[in-house]
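Here's the structure we're looking at; comments come further down.
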Amino acid sequence: RINTLRLEAESAQDKADEAQSRLKVLEQDLLSKEQEITSLNHKNTLLEEEVEKLEKQLAEAKTAAEDGAAHGTANESLTRKISQLEEELEVADKNLRETTEKLRITDVKAEQYERKVSSLEVDCDSWEKKYEEMSAKYNEAKAELEEINKQLESF
């Protein structure tokens with residue numbers, strides 16, 4: 001019976017250690033995701049600044065095109081530049097949308113990992129409580145065994 005209790009206690013300890021290891025891995029994943037979110041936020045900010053810069057350049061190019069309407073060659077050059085800036089703006093806008101979507105997905109994943117961490121913490125607490133209960137039962141059984149041994153020795 002003591003061996004069984006010992007085995008159960010060892011099993012509970014092993015499971016608690018395994019849960020602890022999984023918790024550490026999930027915490028590491030969460031930290032990694034948080035760093036990725038920070039990186040994506042920074043990238044998003046840079047892309048927004050780039051969009052603003054490109055919008056200013058586009059506005060400037062359009063103004064220059066209107067001023068140079070009398071100059072056919074200059075006008076064609078500016079029109080090409082406007083076209084190029086619009087394409088760059090579309091690319092930057094597409095990148096911004098993709099980055100925003102990735103950020104949203106990362107936020108969802110971070111929330112899921114946070115829920116997993118909470119669940120694992122609850123599991124870990126449960127295992128710790130079971131371990132404490134098993135330790136208490138083990139100590140009771142040990143005390144009973146010592147009492148029985150003393151009674152047997154007194155005969």
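Index from 1, following the sequence. Keep in mind it's a predicted model, so treat the numbers as computed, not measured.
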Test of understanding: with side chain to side chain donor-acceptor pair (under 3.5 Å), list the residues that count as partners of [X], not counting sequence neighbours.
| X | result |
| --- | --- |
| N3 | R6 |
| E147 | none |
| D93 | R97 |

Using side chain to side chain contact (heavy atoms under 4.5 Å, CB included) as the criterion, list what pairs up with [X], not counting sequence neighbours.
| X | result |
| --- | --- |
| K109 | I105, Q112, Y113 |
| E10 | L7 |
| L46 | H42, E49 |
| E52 | none |

Locate the shortest heavy-atom distance separating I37 from A110; write the atom from each residue and the value.
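The pair with the smallest heavy-atom distance is CD1-CB, 4.0 Å.
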
Could you give all pairs that pass the side-chain hydrogen bond (donor to acceptor under 3.5 Å, both in side chains) test and reach residues 14-40, with sequence neighbours left out?
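As it turns out, the side-chain hydrogen bond (donor to acceptor under 3.5 Å, both in side chains) pairs with a partner in residues 14-40, which skip direct neighbours, are Q13-D17.
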
Between [atom1] of [X] and [atom2] of [Y], what distance do you get to the nearest 0.5 Å?
| X | Y | atom1 | atom2 | result |
| --- | --- | --- | --- | --- |
| E50 | L96 | CD | CG | 11.5 Å |
| K62 | E86 | NZ | CD | 5.0 Å |
| L103 | N44 | CG | CG | 6.5 Å |
| T106 | L40 | OG1 | CG | 5.0 Å |

Other cluster members, I82 - Ile/Leu/Val/Met/Phe/Trp/Tyr, side-chain contacts below 4.5 Å:
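So far as hydrophobic clustering goes, I82 is joined with V51, L54, L58, L85, L89.
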
Transitive ILVMFWY cluster of L152, excluding itself - 4.5 Å side-chain cut-off
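Hydrophobic cluster check, L152: joined to I148.
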
Pair up each side-chain donor or acceptor in residues 118-145 with any protein partner under 3.5 Å, not counting sequence neighbours, and list the distances.
{"unit_1": "S118", "atom_1": "OG", "unit_2": "E114", "atom_2": "O", "d": "3.1"}
{"unit_1": "S135", "atom_1": "OG", "unit_2": "Y131", "atom_2": "O", "d": "3.3"}
{"unit_1": "N139", "atom_1": "ND2", "unit_2": "S135", "atom_2": "O", "d": "3.4"}

What residues form a salt bridge (Lys or Arg N to Asp or Glu O under 4.0 Å) with E146, not counting sequence neighbours?
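Applying salt bridge (Lys or Arg N to Asp or Glu O under 4.0 Å) to E146 gives none.
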
